[in-house]
Every structure is written in C-alpha cells, then in structure tokens.
Protein chains: 2
Amino acid sequence: METVADNWGTLALVALTEGSYRFNALRRRVDGVSEKMLAQTLHALERDGLVTRDVQATFPPRVEYTLTAPGARIAETLRALIDALEAEIPAIMTAREDYDRRH
Amino acid sequence: METVADNWGTLALVALTEGSYRFNALRRRVDGVSEKMLAQTLHALERDGLVTRDVQATFPPRVEYTLTAPGARIAETLRALIDALEAEIPAIMTAREDYDRRH
DNA sequence: CTGTATCCCCTTTGATACTG
DNA sequence: CAGTATCAAAGGGGATACAG
C-alpha cells in the first residue's frame, strides 16, 4: 500500500495511463526521477501485479511497461485524487498567504 | 500537495471525516503517530486551510480540530483512493506470492 | 491537556560508475 | 538501451523532556 501511494509510484502509474512506455521514455516522462528510483519503483509495482514488464530479446534490449487491470483501476483513482487536489490549489494558496501573514 | 498526501496527513484527514477531534483523541485515533508528527501535520493542514483549530480558553485547554469544506472534499477523495486500494488487496497479495515464488 | 524543543538514528534518495 | 552496485548526504520521524 505504501509503495503505490509514494511519490514515484503515483507518478509512474499515472504516466502509464497514457499507454506503454519503455524504461528511458518513462524516465523522461516522470520528471526528476533517478534511474535507481524508477527501477526500484517499477519492481515494486511489478511485484504487486500493477504493471507488467515485457522484455524483447533484441539488441539493444527493449522493455515495455504496461498497466494491468488492477493497476489501471488504481491509477484512475490516483488521477481523481490529483484532480481533486488541483481543484483546491487556489483555495490552498490563499489560505497559506492568510496564515503566513498572521504568523 | 506533498503535505496532504503524506502518510500522517492522509490518516488525519480521513479520521476527521468522522467529526471533530481533540489533539490526544485524534492521536489515539491515528494509530502510531507521535506527538511531534501529529502537531506538525496539523499545522500544515491548518496552514493550507484544510483544517480549523478551535481553541477554548478553559483550563485544562481544549483544542478541537475540524475539517473545512476543502478539507472535507479532499478527505473524501482520499477515502475513495483507500477504498480502491483495499479492493485490490487480494489481487496484490496473490500477485506478490506468485512473484516471490518465481524470484 | 496541548503542545514545543532537542537529540539522534536510520531510512530514503541522489550521484556516480559500471555491466549485459 | 536497461539496468545494478556502491557510497555519501539529507531529512523524516521517534523518544524524551519540558512549558503554558
């Protein structure tokens, strides 16, 4: 549960709602993630059955990451959460300004 | 955004959907949170306008924490996420067992 | 009761270098 | 391209003690 909800797990799942990605393409898409953290995150998601890893034994190697059905369902609710948070951003920003002015 | 979505922030918001809580009651409700982290979390949520802090100048002091409207909206989507995750737990557990058996 | 302040560990993460 | 290995740094988070 913690692995899904962490920063990189969320971003990777949401990015994969757009379709399959190869490792480095996904890394470019998930801005700021290091190789290590993306590899670690994808392993955890694969272990939980939320992402599949399709290796093509070519040279250079191609590895495609794709959401499974459970992964897609979770990614969708993550997106709903992100949308809800973004909708509140203006309110949060003004609340912060008020708070900071008073403290 | 990070403060809402972190572990203790999520648990505090969801707990407060049940109604107002005083500090130590909330601390007992959010199992495992330390004084320090709960205070820190509540400050962040108050600053973002998601929680209000009502101080009663009695002795001993009473402080009630209550969700604001934006806080309630976000808490609801967090609950939706938690429910969606819980619905996938059986699938995740069997996926893990399969994965671990193969690796 | 409702917190704040301090200390400190230890996990997470980023950088870097290397392999198949 | 797709990673793994190693190391160092930073910060989260718990325990404890104290204050209003």
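Reminder, nothing fancy here: chain letters follow the sequence lines and each chain counts from 1.
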| note | Closest heavy-atom pair, B:Tyr21 versus B:Arg29, reported as atoms and distance to 0.1 Å, is OH-CD, 3.6 Å

| message | Strictly below 4.0 Å: does B:Tyr65 bring a side-chain N or O up to OP1 or OP2 of C:dG3? | response | yes

| remark: DNA chain C nearest-nucleotide lookup for A:Trp8 and B:Arg62: closer to the 5′ end is B:Arg62

| A:Arg22 versus A:Tyr65, side-chain donor and acceptor atoms under 3.5 Å | no

| field | Euclidean distance, atom CD of residue B:Gln56 to atom C1' of D:dG20 [Å, nearest integer] | value | 17 Å

| message | Please compare B:Arg53 and A:Gln40 by the position of their nearest nucleotide in DNA chain C and report the one closer to 5'. | response | B:Arg53

| query | Hey, which of these two, A:Ala39 or A:Arg28, hits DNA chain D nearer its 5' end, going by closest nucleotide? | reply | A:Arg28

| task | Count the heavy atoms belonging to other residues, nucleotides or ligands that lie under 6.0 Å from CG of A:Asp31, then report whether that count exceeds 12. | result | no

| task | Figure out the CE/P separation between A:Met37 and D:dA9, and round it to whole Å. | result | 19 Å

| B:His103 NE2 to D:dT4 P, straight-line distance once rounded to whole Å | 11 Å

| Atom pair distance, as rounded to whole Å: CD in B:Glu35 and P in D:dG13 | 16 Å

| For B:Ala75 and B:Leu13, which heavy atoms make the closest approach, and how far apart are they? | CB-O, 3.8 Å

| note | Out of D:dC1, C:dG3, C:dC1, minimum distance to the side chain of A:Pro61 belongs to D:dC1

| For the pair made of CG in B:Leu42 and P in C:dT2, what is the distance, rounded to whole Å? | 11 Å

| message | Output the rounded distance in Å from CD (B:Glu64) to P (C:dC1). | response | 14 Å

| query | Taking NZ from A:Lys36 and C1' from C:dC18, how many angstroms apart are they, rounded to a whole number? | reply | 15 Å

| Taking atom C1' of D:dG3 as reference, at what distance in whole Å does atom CZ of A:Phe59 sit? | 13 Å

| For D:dG3, does OP1 or OP2 lie under 4.0 Å from any side-chain N or O of A:His43? | no

| message | Just checking B:Glu64: does its CD atom have more than 12 heavy atoms from other residues, nucleotides or ligands closer to it than 6.0 angstrom? | response | yes

| Should A:Arg22 be listed as having a side-chain N or O under 4.0 Å from OP1 or OP2 of D:dC1? | no

